[in-house]
Amino acid sequence: MKYDFKTIESKWQNKWDEAGCFRASDDHTKPKFYGLVEFPYPSGAGMHVGHIKAYSGLEVVSRKRRKQGYNVLFPIGFDAFGLPTENYAIKTGTHPRKVTDDNIRNFTSQLKKVGYSFDWSRVVDTTDENYYKWTQWIFLKMFEAGLVFRDKTLVNYCPSCKVVLSNEDSQGGKCDICHSDVVQKSKDVWYLRITEYADKLLEGLNEVDYPENIKLQQINWIGKSKGAFVNFEIKGTGEKLKIYTTRPDTLFGVTFMVMAPEHPMLEKYSSLIKNYADVEAYKAECAKKTEFERTQLVKEKTGVKIDGISAVNPVTGKEIPIYISDYVMMGYGTGAIMAVPAHDTRDWEFAKKFGIDIIEVIKGGNIDEEAYTGDGEVVNSGFLNGLTNKKDSIEKMLEYLEEKGIGEAGVQYKMKDWAFNRQRYWGEPIPLIHCENCGIVAVPYDELPLRLPKVDNFEPGSDGESPLAKIDSFVRCACPKCGREARRETDTMPQWAGSSWYFLRYIDPHNDKEFASAEELKYWLPVDWYNGGMEHVTRHLIYSRFWYKFLYDLGLVPYSEPYAKRSAQGLILGPDGDKMSKSKGNVVNPNDVVDEYGADVLRTYVLFMGDYEKAAPWSESSVKGCKRFIDRVWNLLEIVKDGDGISPELETSFHKTIKKVSDDIETLKYNTAIAALMTLLNQIYDKGSVTKGELKTFVTLLNPFAPHVTEEIWERLGETELLATAPWCDYDEAKTVEATIEVPVQICGKLRATVSVPADADAATVIACAKEDPKIAELLAGKTVIKEIYVPGKIVNIVAK
RNA sequence: GCGCUUGUGGCGGAACUGGCAGACGCGCCGGAUUUAGGAUCCGGUCCGUAAGGGUGCAGGUUCGAUUCCUGUCAAGCGCACCA
C-alpha cells in the first residue's frame, strides 16, 4: 500500500489543530522550554528553503521537549514593516496593509503545510497597532531615559530608496535594501544611544551560551579599545587639540598631526589659516566621495597641510605641522590623531608622500622600508628609553601624562549610535512632537498607539521627506505640554524596531495593559534557545539585546540577558553551489518540494543534508533519498508482528539509537541522528520483521523529524492518543554496549587483524588473545616485543622489532 | 590589511577526551522484477592487479594523528584608513 502523504499530512495537521496540542500551557508548575526562531519578513516571494532549515532545527527540539514533559513555548510571528512591502505597494498601487495581510496569509498557509508545531494562538504581527503600541511605548521610555537624541550630522543616505541608513544597514558602502551606493548627507537624525550600553553588551556575553564565533563577531563589532586622550597645544592660540591613541608609548615619535576634514576647529581658526581656500576645496572633494569610493582609495593618501597653525609635541616640545586628510574619520575618537609614521602604516604612507620626518622610537623593524608595528626596545624617547615591554611603557607614559595634566587613559568603541528613523510610510510612527515653545515633547502614553494615518499616496518626497509630512491632519497637533499648535515628527522607525522585542510579546501576546505581565515574563524568560542566521549577529542580535538590557535596567524584565543559548544554521546553497538568488535562477521553492515529496521528506532532508551550522548545496536526488527513507519506514507496516518488547538481537541497536538520537538533537547534529535511524531501519529489514513494540519506539524517535508519517503509523498500531504528546523513549546505558566486541590489533601502529573478546576482558586477556591470532603470531615470529598497549574497548597495539 | 571558519571518495558528509578513516545518504556498476521505461528489491563501490598508499601541502610530537604543535597554500564569511 503506497504512502499517500497528501491525505495523511493534512489529516494530522487538522487533528493537531483541533487538539490544540502545541499551545503553551498556563501551568507554571511544569518546567518550561522557550524555543525561539527568527520570525520571517513576509515577502511576496513566499517562503524560502532557508526558512525551512532555520525552523526545522528548533522544531525538532521543541517536539522532543514536549515529549519529555516540558511546557513548551514555540511561537511564530511576522516582522512585517519595511521597505520591500512599501516599494511593492507603490509599484502596484496596492495599500501596504493589504500587501502585508496577503503575504502573512500566504506564509501562514505555507508554514502550516510543513506541519510545524508552532503555537498559532500567539502569533505576533509587528504592524498590528496593538503590537506597535508597545514598540512606541518602549521608545518613549528610552526617550524619557535620555537615550533618544537628535543630531545634524553626516549620515549614510541611499539616494535610490531615499532613506537614511544606519551603519549596520550600509555595510560596505552599499544600501542593504537595494544595493546601490550610499552617499554621505547632512541631515537631522534621531539616534538611540546604544553606545551607552556598549560595556553591558560586552560583559553580558560572558553569561550566555553563544558559539564563540558569534561572541567574537559581536566583540569586534562593539570594538572596544583602550588607549589615551592627549591634548596637543595649538601654537599661539592657547587652544588644545585633543586626540585619541592606543599607542601613547610612541608619543616621542609624533612628527605631525592629522584632523578629519570635517573637524570643527578648522572653521574656528579659519582666519589664522592662510590656505583656507585649499582646505575648503579639499573638504568639498571629500564630501562628494561616497563611502565606497573612500574605501577604494585606500592605497593613495591625500590631504592638505594647514598653513598658519601648528601644534606642539607635548613630550618633546617640538613644533609639528597639522594636516587634514580623509583617512581620519570624524566619527571615531576625537576626529584628530597624532601621527607616528615610524610605527603606523597609514601615518607612514602619509609621511612618505608629504615628506615628513619619520622618527624611530621602537626598535625591531626597518622604518625606511615600512612602518614597524611590532614590539621592541624603546629608543629616542627620554624617560621611556630601554623599556622592552609595550605594556610597561604605556603605563609609564600614562602616569606621566596624568601627572603633567596633558592627557589621560580612555576607551573608545567602533560601534556608533543607532540612526533610528526612516523617511518612509510603512513603519511605526515616532511618537514625538515638535513644539516651538517646549522643544521636543513626547506623545502622552495614554494616546498610544499613535496610528499610521490611512492614506492613498505613500510615495516618499523627492527631498527625502517622509510621506507622512504631506498629511496635514497627522502633522498638525496640539502640544501636550503647552497646548499650542505643534507638529508631529513625520519619520517612522526603522525595520529593526519591531523585532527588537517581539520575543517578549509572545510570552503574553493578548495583554492590553502591559507589553507582558511580570509573572509570565518571570516564568518564560530567558529564551532557552534562539536559532537564526549569521547575518543578524551584528544587527538584530545586538539591537534586541540592547532593548532588553534597557528594560532590565527599568526593572521590567527579570534577567539581564534575553537569550540563554544561540545557534545559527548554515545557508542552503543552490544546486550549483552558489548562493540562491532570483537572478541566478537557482532558487528552490519549499512549496514545490512539499507538493512533490511531502512535508516529512522536506523536513528530514534539510536536517539530513549536512552539518546544520554549515552551508550546503541543495540536491534534488538526495531529497529522493529521504523520500525513499520515509517510504521504507511506512512499509514497515507490512512486516509488523505482534509483540510489545524489543527482540534480543536488536536490543543493543535500539538502546544505542535512542541514546544517539537523544544526544544528537541537543547538539544540532540532526544529520547523524537521522543517519542512526536509517542504520536501525536497515537492521530491521535485515531481520525481516518488526514487532509492534519496536515499531512504536522507532516512530517515537523519528516523530520530531517526520511527524505525519509517524503519527499515522502510531494510530494504525492501535494507539488512540496522539504521538505528538506521547513520552520520549528511555534507554539503558548498560544495554548500549555489546557483550562481545571486535578489537582491532595493530603491530607498530599498522592494522593487522581484529579479534573478538568479551567487552569486560582485562588487558592481559585481550593482548594474549591478540597474540593467538594466526596472522599476528606469524608477523611477530622472530621479533622482540618492546611494548604492548591496550586501550579498553578500542585497540591493541604491539610494538616489536 | 585584520578577525573568524573550513580543506576527508565522483558528490553531501561521518569519525567520542589522539585509537579499525570514509558511518548514513546520493551517484555509479552488476543482478532480480518489468513488454519497455519508471518505481522497487538484492549485491558491489576510497585508490591500486598486488605489496602498499591514502584526510590541501611540508615538517614535528606520539606505540598510534582527520584529531595536537609549527610552517605553508587555498576557499568561504565578516569587518575594513577604528588612530
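Just so we're on the same page: letters track the sequence lines, and every chain starts at 1. In what follows, every heavy atom counts, from backbone to side chain, and hydrogens, waters and symmetry copies are set aside. None of the values given here were measured: they were computed from a predicted structure.
Using bins of under 30°, 30° to 60° and over 60° for the plane-to-plane angle, the ring pair A/Phe350/A/Phe256 lands in the parallel bin.
Looking at heavy-atom distances under 4.0 Å, A/Ile789 makes contact with a base. Counting non-hydrogen atoms under 4.0 angstrom, A/Gly223 reaches nothing in the nucleic acid. Looking at heavy-atom distances under 4.0 Å, A/Ala615 makes contact with sugar-phosphate atoms alone, never a base. Across all strands shown, A/Asp347 has no heavy atoms under 4.0 Å from either base or sugar-phosphate atoms. Across all strands shown, A/Val799 has heavy atoms under 4.0 Å from sugar-phosphate atoms exclusively, and none from any base.
Between the side chains of A/Tyr282 and A/Thr302, a donor-acceptor pair is found at a separation under 3.5 Å.
Across all strands shown, the partner of B/rU40 is B/rA32, judged by Watson-Crick or G-U wobble contacts whose two distances both fall under 3.5 Å. Within the shown strands, B/rG76 is the pairing partner of B/rC4 under the Watson-Crick or G-U definition, both distances less than 3.5 Å.
Side-chain atoms of A/Lys794 come within donor-acceptor range of the base of B/rC16, with a qualifying N/O pair under 3.5 Å. With hydrogens and angles ignored, no donor-acceptor pair under 3.5 angstrom links the side chain of A/Lys624 to the base of B/rC26. One can find a donor-acceptor pair under 3.5 Å joining the base of B/rC63 and the side-chain atoms of A/Asn797.
Nearest to the side chain of A/Asn682, among B/rG13, B/rA83, B/rC24, sits B/rC24. Comparing atom distances between the A/Tyr327 side chain and each of B/rA83, B/rA15, B/rC81 picks out B/rC81 as nearest. Checking B/rA23, B/rU40, B/rG25 against every side-chain atom of A/Ser622, the shortest atom distance belongs to B/rG25.
By the 6.0 Å and 45° rule, A/Lys669 does not stack over the aromatic ring of A/Tyr612.
Regarding the sugar-base torsion, B/rG60 falls in the anti class, its angle being beyond 90° of 0.
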Name every donor-acceptor pair, under 3.5 Å, that has one atom in a side chain of residues 784-796 of chain A and the other anywhere in the protein, sequence neighbours excluded.
{"from": "A/Glu788", "atom 1": "OE2", "to": "A/Lys771", "atom 2": "NZ", "distance (Å)": "2.3"}
{"from": "A/Tyr790", "atom 1": "OH", "to": "A/Gly793", "atom 2": "N", "distance (Å)": "3.0"}

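B/rC29 sits 49 Å from B/rG3 when the P atoms are compared, rounded to a whole Å.
Place A/Lys787 and A/Ala675 on RNA chain B by their nearest nucleotides, and A/Ala675 ends up nearer the 5' end.
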